[in-house]
There are 2 protein chains.
Amino acid sequence: METTHREDQRSATERRRRELLEAAERVVLRDGPGASMNAIAAEAGITKPILYRHFGDKGGLYRALAVRHTDALVDALRAALDAPTDRRERVEAALDTYLAAIETRPQVYRFLMHPAEESGGERGFDVGQHSAPLLRRLGEELATVIAERVDLGADREERARVWGHGIVGMMHAAGDWWLGERPCPRERLVRHLADLLWGGLATAQDLAGGPGL
Amino acid sequence: METTHREDQRSATERRRRELLEAAERVVLRDGPGASMNAIAAEAGITKPILYRHFGDKGGLYRALAVRHTDALVDALRAALDAPTDRRERVEAALDTYLAAIETRPQVYRFLMHPAEESGGERGFDVGQHSAPLLRRLGEELATVIAERVDLGADREERARVWGHGIVGMMHAAGDWWLGERPCPRERLVRHLADLLWGGLATAQDLAGGPGL
DNA sequence: TATTCACGTTACCGCTAGTAACAACGGATG
DNA sequence: CATCCGTTGTTACTAGCGGTAACGTGAATA
């Protein structure tokens, strides 16, 4: 039969693709985001051209590898933001979810956040967008959540997007620094960040003597 | 005389080094952060080994190139934070200073923020620190300013560092997104971010109907 | 049987970062 | 004057990268 064959082929191809992705993930977890296509092909027991047939491009492979983890993280964050508690608790839960993720699998995190940029290829590649796509996506997701649920007045959508990207950036930068230095346990970091978002900077008093901030 | 000769040589070397850095800057501004050592050498009218003699490494050249701009930006931010106005105005001035900088010279900004990672070299290179060093530095600077001037209670230093890195990350991510999409003029972005820092998320009301945030 | 199609290979291209080896000039020193 | 030294500069090379062209192989379809 024809269709059966075609479907078998398709499913076999997808299975193979998953296998290749898992091999790639092993290598990336071992060698970091700079892992070479040769190394990935060797780990998968094949040679380079096959990788290029499946993913077209190193960026394609990395993108395919990224969406899986990104999807998982976005789902977890959405769940945290949907919990039936008050806003502060939900924000803390979301922060903790993100920080727990990067704490548990820092290599995955680094791969997602610092993917290698294009090198020699003349590939157009939207210039200026080679910043980590995960951050952009998280920012947009949070922006829609905020716009959906919070009353921000007239320029609601604009404010929501600024705040979404801003909050995600805060979480990311603080998490990146914390992951490198580990200056305090996770729950304290979560509390400090939530305090900052809850207007800590606005309400704190100036220290005596200095010019104030 | 001996010392005079040595000093002449030293100053000549430093002058040459500055010339090379300026050539490198022209190339980076033209070709982006992926500029090759060959291209930089050609722009300077010389060949590669000289660059390596002066800077040892591509990372060395890029670091030398980065400190100049970083220093300038840090100075401007410090000036904004030292203005004799109230805290909100100073924070807005600092945000605006940063955003104006990245708006005026986006190529410099991109070079500072997304420097090419190490490639083949087995150079130890503090793993996990290849995130943009500028962000780390800005975070630390802001942390010391906060710790010096704001009364944060018992765990002052820890909170100040978390807030410093968090605020810098917020500014960075929002600025990066804004630079790509330009959804609003700069002053509105500044106001939205300051509102967020002033507890906007904590005080806004839930929208009717939804689960709230 | 002949075609088709994905899987797989070897061998190559142009590029990169980085280096070894050598030449030439100028001032300090015997 | 001859010699050494430090700097500037060169050419020619290595090893590795991303990516590709050309070529086999084996199984299912027509």
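Order of the sequence lines sets the chain letters (A, B, ...), proteins ahead of strands, with each chain counted from 1.
- B:Arg53 comes within contact range of at least one nucleobase, with a heavy-atom separation under 4.0 Å.
- For residues 37-48 of chain B, proximity to DNA chain D is found at B:Ile46, B:Thr47, defined as any non-hydrogen atom under 4.0 angstrom from a strand atom.
- A cation-pi geometry, defined here as NZ or CZ lying under 6.0 Å from the six-membered ring centre and within 45° of its normal, holds between A:Arg182 and A:Trp178.
- Residue A:Leu81 comes nearest to A:Arg90 through the heavy atom pair O-CD, 3.3 Å, listed as atom of the first residue, atom of the second, then distance.
- Among C:dC7, C:dT16, D:dG18, the nucleotide with an atom closest to any side-chain atom of A:Thr13 is C:dC7.
- Here D:dG9 is the nucleotide among D:dG18, D:dG9, C:dG8 with the atom lying nearest to any side-chain atom of B:Ile50.
- Summarising the geometry, the separation between CZ on A:Arg15 and P on C:dA6 is reported as 16 Å, rounded to the nearest angstrom.
- Relative ring orientation between A:Trp177 and B:His165 is described as parallel, the plane-to-plane angle staying below 30° on a 0-90° scale split at 30° and 60°.
- Atom OH in A:Tyr52 sits roughly 18 Å away from atom P in D:dA22 (whole-Å rounding).
- Note: A:Arg137 CZ to A:Leu73 CG = 9.0 Å, rounded to the nearest 0.5 Å.
- Of the candidates D:dG19, C:dG8, C:dA17, C:dG8 carries the atom nearest the A:Arg16 side chain, counting heavy atoms from C-beta on.
- One interatomic measurement links the two molecules: CZ of B:Arg17 to C1' of D:dT8, which rounds to 16 Å at whole-angstrom precision.
- A donor and an acceptor atom, one from each side chain of B:Tyr109 and B:Asp176, are located under 3.5 Å apart.
- Between the CZ atom of A:Phe55 and the C1' atom of D:dG19 there is a distance of 16 Å, rounded to whole Å.
- Only one option out of B:Leu65, B:Thr70, B:Leu135 pairs with B:Leu112 in a side chain to side chain contact (heavy atoms under 4.5 Å, CB included); it is B:Thr70.
- Closest to the side chain of B:His54, out of C:dT10, C:dT19, D:dT8, is D:dT8.
- For the pair B:Leu20 CG and D:dT8 C1', the interatomic distance rounds to 11 Å; values are reported in whole Å.
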